[in-house]
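Heads up: the structure comes next, in structure tokens.
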Amino acid sequence: MSTEKDLPQHPMRWVPSLYLASGMPFYAVALIAGLMYKSMGVPNDQIAHWTGLVGLAWVFKSLWSPFLEAAGSKKMLVVLFQMIGGAALGLLALSLQLPAYFAISIALLGVVAIASATHDIAADGLYMASLSNTQQASYAGWQGAFFNAAKFITLGPLVYLAGYLEKTLAPAQAWTIIFAIMGVLLFSLGLYNSWSLPGTKDTETKASMHSIFVTLQDVIVEFFKKPGIWLAIVFIILFRAAEGQIQTIGPLFLREAKNLGGLGLTTDQVGTAYGVAGTVAFLGGSILGGYFASWLGLKRALPWLILAMNTPNLAFFFLSSSLPESMAVITTALAFEMFGYGFGFVGLILFIMQVVAPGKYQTAHYALGTGVMQLGFVLFKTISGDIQVSLGYKNFFIWVMLSAIPVLIMTRFVSYGDVPPGASKSGATEGLGKTADA
């Protein structure tokens with residue numbers, strides 16, 4: 001029997017911190033590790049391969065989501081895995097001083113990824129269980145903003161600090177400090193969220209291993225029985241085709257030497273470019289995107305959100321074609337790209353939340369949907385290094401822009417359900433986030 005009391009909290013007390021804690025370990029794996037390995041001389045294709053494979057944890061997280069449903073408190077799970085992730089980042093920091101740092105750090109990134117993916121299941125369940133459909137849409141912008149704000153906290157100030165430290169310390173020592181800071185930040189968010197997160201009413205959990213496996217089987221069967229699910233899966237995967245590649249290669253292009261087609265920026269210059277203008281532009285785009293989708297409705301808003309997310313990829317084509325020297329020009333181009341990405345990303349979150357997830361197993365099906373979303377990111381991330389090495393940076397960014405066309409065409413064919421945003425959905429709003437008894 002859970003003893004956790006029902007503690008209503010205003011969403012702004014916990015939505016930002018919850019999704020900041022979701023984003024920090026994700027971007028530690030997806031982006032920051034790549035910059036660290038670049039500083040330590042690891043080739044682009046190896047960076048893309050290994051960090052992409054580690055990202056598979058977010059793809060398959062839905063396979064253990066029913067086991068989390070047996071827990072009496074999603075709040076407890078959220079806090080626990082935030083702290084585990086923080087501890088793993090701290091150990092990763094220490095591993096960079098060892099001779100076999102690459103293998104050990106990849107293994108620890110795997111621990112971070114598994115802890116983060118498990119945390120995300122509980123966090124998303126808590127979000128859906130605590131908010132109505134209307135609130136989900138209204139706060140989706142804040143959700144996306146702070147998930148991705150972690151990208152700019154790490155890719156901005158922390159990367160700037162890494163570059164500053166690299167001027168006087170060896171790369172391994174500089175990045176040891178950076179990953180230690182990330183570990184402390186994530187652990188501290190766990191402490192804060194132990195107070196700020198809304199609780200749940202007392203529940204009694206009785207679940208055998210057999211019943212959990214039966215539930216898992218039913219979750220998967222029911223997911224693939226949803227009308228139009230295969231088209232939705234392809235749509236979700238392709239939604240992230242351009243993003244998965246640009247987020248992997250874009251920062252490496254900024255660091256690459258000019259004689260190899262890059263901009264030749266130092267680590268601290270990358271932090272400066274992303275850390276101020278990029279952060280403000282992205283947060284503004286994310287919040288406006290959430291309200292835009294809530295106002296216009298998902299079906300009408302989605303094509304515009306996709307265009308907003310992918311058109312700014314022109315910024316990297318411009319940078320790779322002109323190779324500007326001016327940091328003001330580079331920062332403006334990156335801010336343009338980040339505003340569009342923030343504005344458009346909310347469309348995919350709402351598509352999964354309101355179209356794919358609703359039904360008998362809403363939390364588990366949302367986890368499956370976000371697993372498919374991550375599969376799209378990982379697939380294109382993993383191959384992005386090979387494509388870039390084959391095409392060069394300029395042609396690679398042309399390819400990235402072309403790879404966004406299929407998902408835009410598919411907006412005319414995917415199903416959006418028959419309930420307008422803000423309205424209740426049968427089986428979705430009553431007992432949000434709960435699955436059938438195991």
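Bear in mind that the values here come from a model prediction, so they are computed numbers and not experimental data. Residue numbers start at 1 and run along the sequence shown.
V414 places a side-chain heavy atom less than 4.5 Å from the side chain of F351. Counting heavy atoms from C-beta outward, Y393 and L319 have side chains that stay 4.5 Å or more apart. Using a 4.5 Å heavy-atom cutoff, the side chains of I306 and F239 are in contact. Contact of the F187 side chain with the V184 side chain is not registered, since no non-hydrogen atoms from C-beta on lie closer than 4.5 Å. Using a 4.5 Å cut-off on side-chain heavy atoms (C-beta onward), I32 and M182 make contact. Annotation: side chain of V15 is not in contact with side chain of F146 (no heavy-atom distance under 4.5 Å). Side chains of F396 and Q245 form a contact here, defined as non-hydrogen atoms less than 4.5 Å apart. The side-chain heavy atoms of Q269 and L263, taken from C-beta on, include no pair separated by under 4.5 Å.
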Step-by-step side-chain contact (heavy atoms from CB on, under 4.5 Å) determination, M309 to L348: CA-CA 10 Å; M309 187 169 176; L348 183 56; over 6 Å; no
Full working for side-chain contact (heavy atoms from CB on, under 4.5 Å) between F26 and F147: CA-CA 9 Å; F26 175 80; F147 178 87; 3.9 Å; yes
Full working for side-chain contact (heavy atoms from CB on, under 4.5 Å) between L91 and V111: CA-CA 10 Å; L91 291 173; V111 175; over 6 Å; no
side-chain contact (heavy atoms from CB on, under 4.5 Å) assessment of T370 paired with W58: CA-CA 8 Å; T370 55; W58 284 278; over 6 Å; no
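Listed by chain and residue number, K167 satisfy the salt bridge (charged side-chain N to carboxylate O under 4.0 Å, His left out) test with D268 (two or more places apart in sequence, or in another chain). Applying the ring-ring contact (aromatic ring centres under 6.0 Å, His included) test to Y19 and every residue at least two apart in sequence or in another chain returns Y127. For T118, the side-chain contact (heavy atoms from CB on, under 4.5 Å) partners two or more places apart in sequence, or in a different chain, are W64, L68, F81, I114.
Residue A315 comes nearest to A333 through the heavy atom pair CB-O, 3.3 Å, listed as atom of the first residue, atom of the second, then distance. Summarising the geometry of L379 relative to I237, their closest heavy-atom pair is CD1-CG2, 4.4 Å, with the distance given to 0.1 Å. Contact between V270 and R255 at its shortest, heavy atoms only, is CG2-CD, 3.7 Å. Scanning all heavy atoms of the two residues, the minimum distance from L197 to K75 falls at O-NZ, 3.4 Å. For the residue pair V54 and L109, the shortest heavy atom distance occurs at CG1-O, 3.5 Å. Listed here is the closest heavy atom pair of L77 and A122: CB-CB, 3.9 Å.
Here S105 contributes atom OG and L94 contributes atom CG; the two are 12.5 Å apart, rounded to the nearest 0.5 Å. Between the OG atom of S403 and the CD atom of E243 there is a distance of 11.0 Å, given to the nearest 0.5 Å. Residue T154 holds its OG1 atom at 12.0 Å from CD1 of I181, rounded to the nearest 0.5 Å. Between atom NE2 of residue H119 and atom CG of residue D124 there is a gap of 9.0 Å, rounded to the nearest 0.5 Å. The line from OG of S320 to CG of L254 is 11.0 Å long, rounded to the nearest 0.5 Å. Atom-to-atom distance recorded for L314:CG and I398:CD1 is 10.5 Å, nearest 0.5 angstrom.
The aromatic rings of Y37 and Y101 sit tilted, their planes meeting at an angle between 30° and 60°. Between W50 and F102, the ring-plane angle classifies as perpendicular under the 30° and 60° cut-offs. Aromatic ring orientation, W175 versus F179: tilted (interplanar angle from 30° to 60°).
At least one donor-acceptor pair closer than 3.5 Å links the side chain of H365 to the backbone N or O of V219. For the pair S194 (side chain) and L191 (backbone), a donor-acceptor distance under 3.5 Å is present. S22 places a side-chain N or O within donor-acceptor distance of the main-chain N or O of L18, the cut-off being under 3.5 Å. For N313 (side chain) and N310 (main-chain N/O), a donor-acceptor pair under 3.5 Å exists by modelled atom type. Put simply, the side chain of S116 never gets that close to the backbone of V112: no donor and acceptor are under 3.5 Å apart. Of the possible donor and acceptor atoms, one in the side chain of T176 sits under 3.5 Å from a partner among the backbone N and O of A93. Judged by distance alone, with hydrogens and angles left aside, the side-chain atoms of K381 form a donor-acceptor pair with the main-chain N or O of A30 at under 3.5 Å.
The local environment of CH2 in W14 is crowded, with over 12 non-hydrogen atoms from other residues, nucleotides or ligands closer than 6.0 Å. Enclosure of atom NZ in K226 by more than 12 non-hydrogen atoms of other residues, nucleotides or ligands within 6.0 angstrom is indicated. Other residues, nucleotides and ligands contribute over 12 non-hydrogen atoms within 6.0 Å of the CZ atom of F292.
The closest side-chain donor-acceptor pair between Y341 and Q247 falls under 3.5 angstrom.
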